[in-house]
Amino acid sequence: MAKKGESTLRSWLVIALIIGVLVSLYRASPDSSSKTDDVTLLEFYEAIETGRLVQPVTRVIDASSGETFFTGEMELNGDLNKDGSPKKRKYRVTLVPGENEQVMDDLLNSRINVKLEERKSFISPAILHILIFVLMMGLLYWLMFRRAGGGNLFGFGKSKAKLLDEDGPSKKITFSDVAGIDEAREEVQEIVEFLKNPEVFKKLGGRIPKGILLVGPPGTGKTLLAKAIAGEAKVPFFAMSGSDFEEMFVGVGASRMRDVFSEAKKRAPCIVFIDEIDSIGQKRTGAGAMGGTHAYEQTLNTMLVEMDGFNANEGVIVIAATNRPDTLDSALLRPGRFDRQVVVELPTLKGRREILELHGKKITFTPDADLDRVARGTPGFSGADLANLLNEAALMSVRKKLDGVDMETLDEARDKVLWGRERKSAGYSPKEREYTAWHEAGHALLQVLLPNTDPLHKVTIIPRGRALGVTMSLPEKDVLNRTRKYFLSQMRICCGGRIAEELILGDVSTGASQDIAQATQIAREMVCRYAMSEKFGFQSFIEESAFSATNHPPAFSDETSREIDAEVKSMVSEAYLDAKKIIEENREKLEELAKALLEKETMDGRDVERLIRGEVAAENSKEKDSSEQTAEGENA
Ligand code: ADP
Ligand code: ZN
């Protein structure tokens, strides 16, 4: 909503500006330059009497304001320039029509030289009044009906869709630019065949959809795919975004929509691509902002009318993209409209590798750079994220003056993309920083010292998102199955943050709330779900059934319930005491680590391990591949 406030401010500024210009147009005569002093009749007479008036005097009859006045220069009384000449000032005396005009005339005509100047205003007052009125009405209308935003005041009705086929064949995007989303690519193959040769396709009896909806998370290559379809078929590609329509007058969005389609029909076969269709195609609940809903509805209706209005065989194919198909108005999805959906998923491991290879073609790598490993370390990354990762890595390696992108830089770039820009928040006090350093050191120490844990990947006290610091671990490979011992260690690691704070600083902070919740959760799941506690046998105590929506009573007694609570409690406190013992025994290491963190802010898992094991953090021991990165674990 910040955007809305901003654009309201902008519209007010525009209005103020227009009014300001009008007022000055109205009042000012072309050369009433700023330094002219309005003088009284008395001063004027005085200047004449003392001979300070510079000849000739100009008499101005200004048609635009209806005023008559004298203007010219007079010498200042007694004020001299450095060279001895008197200082001058510009003056202007306005005459009240009919009162002193005649007197002045007589007086001046006999004593001084008067030049007459008539100013025809370039806008007559009457027309100016009408203009102001019209503009005010326009502004009022604009204020009442515009959707948030002050842009697009001019040039409405013009089609904003960009035609993107004029780049020449060398810049054309084809399927070879799309990687890792083979299924989606196959699904749209048929469209290409049709666009290439509509006549043949029709003869063979193929049915072609008018509209295709590409559904998938941002950055997965929906736009890319649409462009590639056009590129493969060598047809024009019109692109626009639903959000373009957000800042428009009632009626403007609709007329723009009509423009796009009439243009597209002229250039058929072709593709019309509408990104972010959800911003015009929301469900019409009527609950939108005043005026806004109405404008959206018009745009949406126009689009539907246009789509219904042409025959599928005409060769205009509308491709729309969204990541929120559930919010779309059902009218959009009816037969003859966007009745074909193609899902564009986040890439799998194989897909990620292909995308990295594709975008990596233009980049020089050092021999140790392993894109396969990057692919394994980037679950959940979109194609755009991966392209971004490689781009960042290339920039970083230029900055580091490397010969090529190496593995370390790839790792850094991955973290950068993963976490977004490292945010050094202003509200992060030195005290909070210290608490965070001890807290994370506590986690990291246990992560390294305990058996049955994932390798430590990285520790940082740079706040990111809502976490003040993070201790990250990375499992060796994709983990589908966890063991009891793993959970026991995990619970202890959770406790480490709070314990370190208390041990060193003598007080505890709220920073551990996530850890506490996590430890409790692990214990409860071990007892209830996995039968991993010593007290209970091979038995499940899961309360809610996945198969029924109703709240049926738990399948065990109150007494059992109390026993479960007691067992969870004893497991958590055992973990806490155990963790405390380890940390107390390794207090020196903890202190060393926390100090290193305060100094370096971010430490690599391997460096932390070396520090804890008492090895010198020497650069020579770059182990070949100590961590197989697959998925992301985190203990904040
Ligand atoms: P979307 O429209 O789904 O938000 P885009 O098509 O705009 O995503 O993707 C942005 C950029 O990310 C592309 O221009 C391309 O560089 C890269 N990209 C995304 N997905 C892929 C993919 N599957 N193959 C190759 N590059 C991709
Ligand atoms: Zn923590």
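Heavy atoms only: backbone and side chains are in, while hydrogens, waters and symmetry mates are out. All ligand and atom numbering here is 1-based and tracks the order in the structure.
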For [atom], grab the closest protein heavy atom and report residue, atom and distance to one decimal in Å.
{"atom": "atom 18 (N) of ligand 1", "value": "Gly383 C, 3.7 Å"}
{"atom": "atom 8 (O) of ligand 1", "value": "Gly221 N, 3.2 Å"}
{"atom": "atom 16 (O) of ligand 1", "value": "His359 CE1, 3.2 Å"}
{"atom": "atom 2 (O) of ligand 1", "value": "Thr223 OG1, 2.5 Å"}
{"atom": "atom 4 (O) of ligand 1", "value": "Gly219 N, 2.8 Å"}
{"atom": "atom 11 (C) of ligand 1", "value": "Ala384 CB, 4.1 Å"}
{"atom": "atom 23 (N) of ligand 1", "value": "Ala179 O, 2.7 Å"}

Heavy-atom closest contact ([X] atom, [Y] atom, distance):
{"X": "Ser397", "Y": "Ala394", "answer": "OG-O, 3.0 Å"}
{"X": "Arg492", "Y": "Ala579", "answer": "O-CB, 3.7 Å"}
{"X": "Ala519", "Y": "Cys494", "answer": "CB-CB, 4.0 Å"}
{"X": "Leu328", "Y": "Leu332", "answer": "CD2-CD1, 4.0 Å"}
{"X": "Ala230", "Y": "Ile271", "answer": "N-CD1, 3.7 Å"}
{"X": "Ile355", "Y": "Gly383", "answer": "CD1-CA, 4.0 Å"}

Once rounded to the nearest 0.5 Å, what's the spacing between atom [atom1] of [X] and atom [atom2] of [Y]?
{"X": "Glu412", "Y": "Leu389", "atom1": "CD", "atom2": "CG", "answer": "11.0 Å"}
{"X": "Glu591", "Y": "Leu503", "atom1": "CD", "atom2": "CG", "answer": "8.0 Å"}
{"X": "Gln341", "Y": "Glu187", "atom1": "CD", "atom2": "CD", "answer": "10.5 Å"}

Tell me whether [X] has any N or O atom under 3.5 angstrom from an N or O of ligand 1.
{"X": "Ala387", "answer": "no"}
{"X": "Thr220", "answer": "yes"}
{"X": "Leu224", "answer": "yes"}
{"X": "Gly180", "answer": "no"}

- Query: Closer than 4.0 angstrom: is that true for some heavy atom of Asp275 and an atom of ligand 1?
  - Reply: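 In this structure, Asp275 fails to qualify as a contact of ligand 1 - no heavy atom is under 4.0 Å.
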- Intermediate values then yes/no, side chain to side chain donor-acceptor pair (under 3.5 Å), Asp278 and Thr322: CA-CA 6 Å; Asp278 36 286; Thr322 182; 2.6 Å; yes
- Any donor-acceptor pair under 3.5 Å from Gln447 side chain to Leu456 backbone: no
- Specify whether an N/O/S atom of Glu440 falls short of 2.8 Å from the Zn ion (ligand 2).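 Not a single backbone or side-chain N, O or S atom of Glu440 is under 2.8 Å from the Zn ion (ligand 2).
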- Using only N, O or S atoms, tell me which atom of Asp515 is closest to the Zn ion (ligand 2).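 Sorting the N, O and S atoms of Asp515 by distance to the Zn ion (ligand 2) puts OD2 first.
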- Name of the His443 N, O or S atom nearest the Zn ion (ligand 2)? NE2
- Any side-chain donor paired with an acceptor under 3.5 Å for Lys458 and Thr602?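 Thr602 and Lys458 do not have a side-chain donor-acceptor pair below 3.5 Å.
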- Message: With a heavy-atom distance limit of 4.0 Å, tell me whether Leu214 approaches ligand 1 through its side chain, its backbone, both, or neither.
- Response: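 Neither; nothing of Leu214 gets under 4.0 Å from ligand 1.
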[X]: numbered ligand 1 atoms lying under 4.0 Å from its heavy atoms:
{"X": "Ile181", "result": "23 (N)"}
{"X": "Pro218", "result": "4 (O)"}
{"X": "Ile355", "result": "22 (C), 23 (N), 24 (N)"}

